[in-house]
Structure formats: C-alpha cells, structure tokens
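As structure tokens, the structure follows; a few thoughts come after it.
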Amino acid sequence: MVFVHIDVAPFMYLWMYCIHLRGDCLSVKVAINGYGTIGKRVADAVTQQDDMEIIGVVKRRPTFEAKDAMRLGFPFYAADEEFIPDLEKAGIKVGGVLTELLEKSDIVMDCTPKKAGYKELYEKHNVKAIWQGGEKHELTGLSFNTMANYEDAIGAQFARVVSCNTTGLCRTLYPVKERYGIENALGVMVRRSADPWDTKRGPINAIEPVLKVPSHHGPDVQTVMPDLNIQTTAVKVPTTIMHLHSVIVKLKSRPSSQDIVQLWDETPRVAMIDSSEGIKSTAQIMEWAKDLNRKRGDLFEIAVWKDGVHVVGDTLYYYQAIHQESDVIPENIDCIRAMCEVETDKFKSIEKTDKAMGLIA
Ligand code: NAD
C-alpha cells in the first residue's frame, strides 16, 4: 500500500484568507443603536443577508430584549459608560460603549425613539447612519423608499426610512403613478393606537381624529414622491394590531379594476388578499401572518383587498392594511445596500432582500 502525504495547511490558509477577504470587502458592518420594536427586527433581517453583518447592538437598560440580544449572540454595547453597571449586574456581557462600536462600523441603524439626538456623534465618528420614520425629513434631508427613490440614497451618508404608513402608501401608489398617472390621491389613515406590547398609549375606548389637515402622512409621502398630489387625514382607533388605509385616487387614465389588481399582483411587497378566503379584517390578516410561520408573526408585505379594488370612471378606490412593526424592515435593508454602494440596481436589491427574508409577494 502506498500512502501519499498531502499537506492540507496551504489550502486551509487559502480558504481562511478567502473568508477574511469576503468579510473585509463584501460584508457591510452594521451597528444597531436602539434594540426595540424596529431595532430587533432590523438586526434579524441583516443577519439573514449574505452581504452584511451585525457587529454590535446598543442598549441602555437590561430589559428582556437586551437579554434576547445576548442570547442570539449579538455583540452587546452600552449606550454610555453610566449604563454598564446595571447591564452587568443583570448578567449582560458588555463589549464596550457606543462610541467604540461606531469606530468599527460602516453604518449605524438608529432605531432609538424620535429625537434621541445622535446625529452629531455619528458625524464625529464619520459613520453612515439610517434613522426611522419617527424623525423629521429635515434631520437627514434624504428620506427613503426603495421603489420611489433608491437611486437618491446611493453613497449617501445619512438617510431616514419613511414611516410604516408612508411606506404602505408608497408601495401601492408608486406603481399606479408610473403606469397610469395620478391626478390626485386622498388617503384616510385609520391608525392603531399603540404597538401590542405598549401598555402606556391609548385611546383604549375612543376614536381620536387628527384635526390638522393634511395629517403628516401626505407630506411625508412627498418627501420621496415630490410630484404626487396627495392629501391625507387620520384617526386613531383602539386596536394594536394594524393600520388600515382607505385610499381614493383620481387617475390620469382609465384602467379597469382588474388592471390595477394585476399591477399590484406583479408589484413586490404587495400581497393581494381576498375576503372570500375569510380575510375580512386586520384580525384575520394577522392570524394568516402567524400561519406563515415567520418570527413574531410579522407581515412585511402590504395587504390589499383584491375585492376592495374598484375603478369607477377615472377614480380608483382601495383598502390596504399595514403591519406597523414590520413593513419598513425590507426597506431598511435596501437602504443599507444603496448607501454602502453594495448594489446600485433597486430591483436586484429587492430580490435579494425579499428572498433572504422569505417574502411571499
Ligand atoms: P421602541 O421604543 O420599541 O424601541 C426603542 C429602543 O431604543 C428601546 O430598546 C429603548 O430602550 C432604546 N432607547 C431609548 N432611548 C435610547 C437612547 N437615548 N439611546 C439608545 N437607545 C435608546 O421604539 P420603536 O417603535 O422601535 O421606534 C424606533 C423608531 O422607529 C422611531 O423613529 C419610530 O417612530 C420608528 N417606527 C416605529 C414603528 C412602530 O410601529 N413601532 C414603525 C415604523 C417606524
């Protein structure tokens, strides 16, 4: 018998070098500041992509979410030195403070509550940053929705992903505007009063109108679709599970209801639902979302009732439902790709994000 000795070490070194190269060149290093409703979902979605990675999450208090972040293996950082003793007392292994994490990051996802005021710090550390819809457009001067203005974010230092309601309006109105033209749009936002975990906000037994017209949603849509003539009004209702929009659109041309349904059938991140299948309210939509077996029962897609789409003359009427805690997550991922110049084609980014996150539409 002849034994041939093969030294595997050079191959091992080559393999490790390739991994190292991939880490350095292809994987965007993402930090999460604020690990709550949006932050934890963005962290999970980043982890599902092959061109970006979480290098740390930042929190102040030792909440159950902080402990979950540790359990999931995310490197943990305190917002500041003063928070370290409480975090460590609760058994959380703290790897450092936010400023140290910023030094290693390509981009920070600011998922803190609105007006937390970190912009100067990010500027000082010369790190890119993405904020969420609670912030005003003026904070960054660049608001983002993938379909509406992906290209504007390519290479940008700061951006804000528009809110859950605005994302929902953009997802359905943008393709209609592009294909059929829009004279004007009117949206009535029926808003959930609080997120399901939030016991502090209300109302719990009343309907509360926003008396200012337009509500902030219409102008917010115009931050990414400036040429859209849109008005919105809003009311808060005692539910925690979804927002619902009733939208009326005067079109520049006269498609049939079926044409509109087909357009949205072909549109990413819009899921057509049907009341004949037993989905008559937001309650059944959320039950269906849980059946999809996604973590937290999230519905990243905007749900539009197929049998609620009606074109009468030149006017389109439709209803859509928004899962406020999760619909903005795919846009956050696309925004990272655009700002870090990993992908310049919005359709390729959408495809990559949605496949990795398991979207169905
Ligand atoms: P949240 O309260 O669920 O989470 C905020 C997290 O930030 C918490 O972990 C909190 O401990 C932490 N935090 C608070 N102050 C901080 C500070 N100074 N430094 C570091 N961390 C701090 O809030 P959220 O709902 O995730 O909202 C975050 C942003 O996302 C807001 O702009 C909000 O308007 C926007 N948004 C929220 C929703 C929604 O439905 N919850 C939907 C779309 C956009």
Side-chain angles (χ1 to χ4, degrees), residues 31-45 56-70 74 76-84 86-87 90 92 94 96-99 101-102 108-122 129-140 143-145 158-171 189 191-201 216-217 220 223 236 239-244 282 286 296-300 302 321-333 335:
I32 306 275
N33 186 16
Y35 190 78
T37 308
I38 299 297
K40 64 189 176 188
R41 287 174 167 84
V42 172
D44 284 347
V57 306
V58 181
K59 262 194 86 63
R60 298 187 305 174
R61 315 238 179 254
T63 60
F64 68 93
E65 281 160 333
K67 289 189 170 175
D68 272 351
M70 201 182 68
F74 292 129
F76 197 99
Y77 290 75
D80 209 340
E81 298 278 352
E82 66 181 288
F83 301 110
I84 295 179
D86 273 357
L87 288 163
I92 292 168
V94 180
V97 289
L98 170 63
T99 48
L101 178 62
L102 294 179
V108 55
M109 309 302 289
D110 190 308
C111 304
T112 60
K114 64 182 170 187
K115 297 186 186 158
Y118 283 103
K119 187 178 178 188
E120 256 180 51
L121 192 69
Y122 302 154
I130 296 176
W131 282 266
Q132 305 302 315
E135 303 290 349
K136 292 218 176 324
H137 170 75
E138 289 67 32
L139 179 75
T140 61
S143 294
F144 179 86
N145 171 265
F158 294 146
R160 174 190 78 117
V161 171
V162 291
S163 75
C164 49
N165 279 304
T166 306
T167 296
L169 289 168
C170 292
R171 290 239 190 108
M189 317 280 102
R191 296 175 52 202
R192 62 91 177 98
S193 53
D195 284 339
W197 59 268
D198 187 350
T199 49
K200 290 196 182 130
R201 286 190 220 185
H216 72 269
H217 311 90
D220 204 30
T223 63
K236 260 204 274 182
T239 180
T240 61
I241 55 178
M242 286 190 113
H243 301 299
L244 185 133
T282 53
M286 281 288 92
R296 306 184 181 96
D298 284 342
L299 188 71
F300 306 112
I302 304 304
I322 315 295
H323 187 221
Q324 75 277 355
E325 297 159 277
S326 71
D327 72 324
V328 298
I329 307 303
E331 267 73 4
N332 271 275
I333 299 298
C335 195

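Residues: numbered from 1 along the sequence shown. Values below: every heavy atom of this structure, side chains too, minus hydrogens, waters and symmetry copies. No experiment lies behind these values; they were computed from the predicted model shown. Every number for a ligand or one of its atoms is a count from 1 in the order of the listing.
The ligand atoms of ligand 1 that sit less than 4.0 angstrom from a heavy atom of I38 are 26 (O), 30 (O), 36 (N), 37 (C), 38 (C), 42 (C), 43 (C). Atom numbering of ligand 1 starts at 1 in the shown order; those under 4.0 Å from a heavy atom of R192 are 39 (C), 40 (O). The atoms of ligand 1 that sit less than 4.0 Å from any heavy atom of Q132 are 29 (C), 30 (O), 32 (O), 35 (C).
None of I38, L101, V57 except one satisfies the side chain to side chain contact (heavy atoms under 4.5 Å, CB included) rule with I32; the exception is V57.
Residue G34 holds the heavy atom nearest to atom 7 (O) of ligand 1 of all those in G34, A194, A69. Distances from atom 41 (N) of ligand 1 to the heavy atoms of V328, V161, D195 put D195 nearest.
Between V58 and ligand 1 there is no heavy-atom distance shorter than 4.0 Å. Residue-ligand proximity: C111 is placed with a non-hydrogen atom under 4.0 Å from ligand 1.
Separation of atoms CD (Q324) and NE2 (H243) is listed at 5.0 Å; rounding is to 0.5 Å.
Ring geometry for F158 against W131 counts as perpendicular: the plane angle is over 60°, on a 0 to 90° scale with 30° as the lower cut.
R296 has its side chain within reach of D44: a pair of non-hydrogen atoms, C-beta onward, lies under 4.5 Å apart. When side chains are defined from C-beta on, I302 does not count as touching H323, because their heavy atoms never get closer than 4.5 Å.
Remark: atom 23 (O) of ligand 1 lies closer than 4.0 Å to no protein heavy atom.
Every N/O-N/O distance between W197 and ligand 1 stays at or above 3.5 Å. By the 3.5 Å distance cut-off applied to N or O atoms, G134 is counted among the residues near ligand 1.
Under the 3.5 Å distance criterion, the side-chain polar atoms of R61 are left unmatched by any main-chain donor or acceptor of L87.
Donor-acceptor pairing under 3.5 Å is lacking for the side chains of D110 and Q132.
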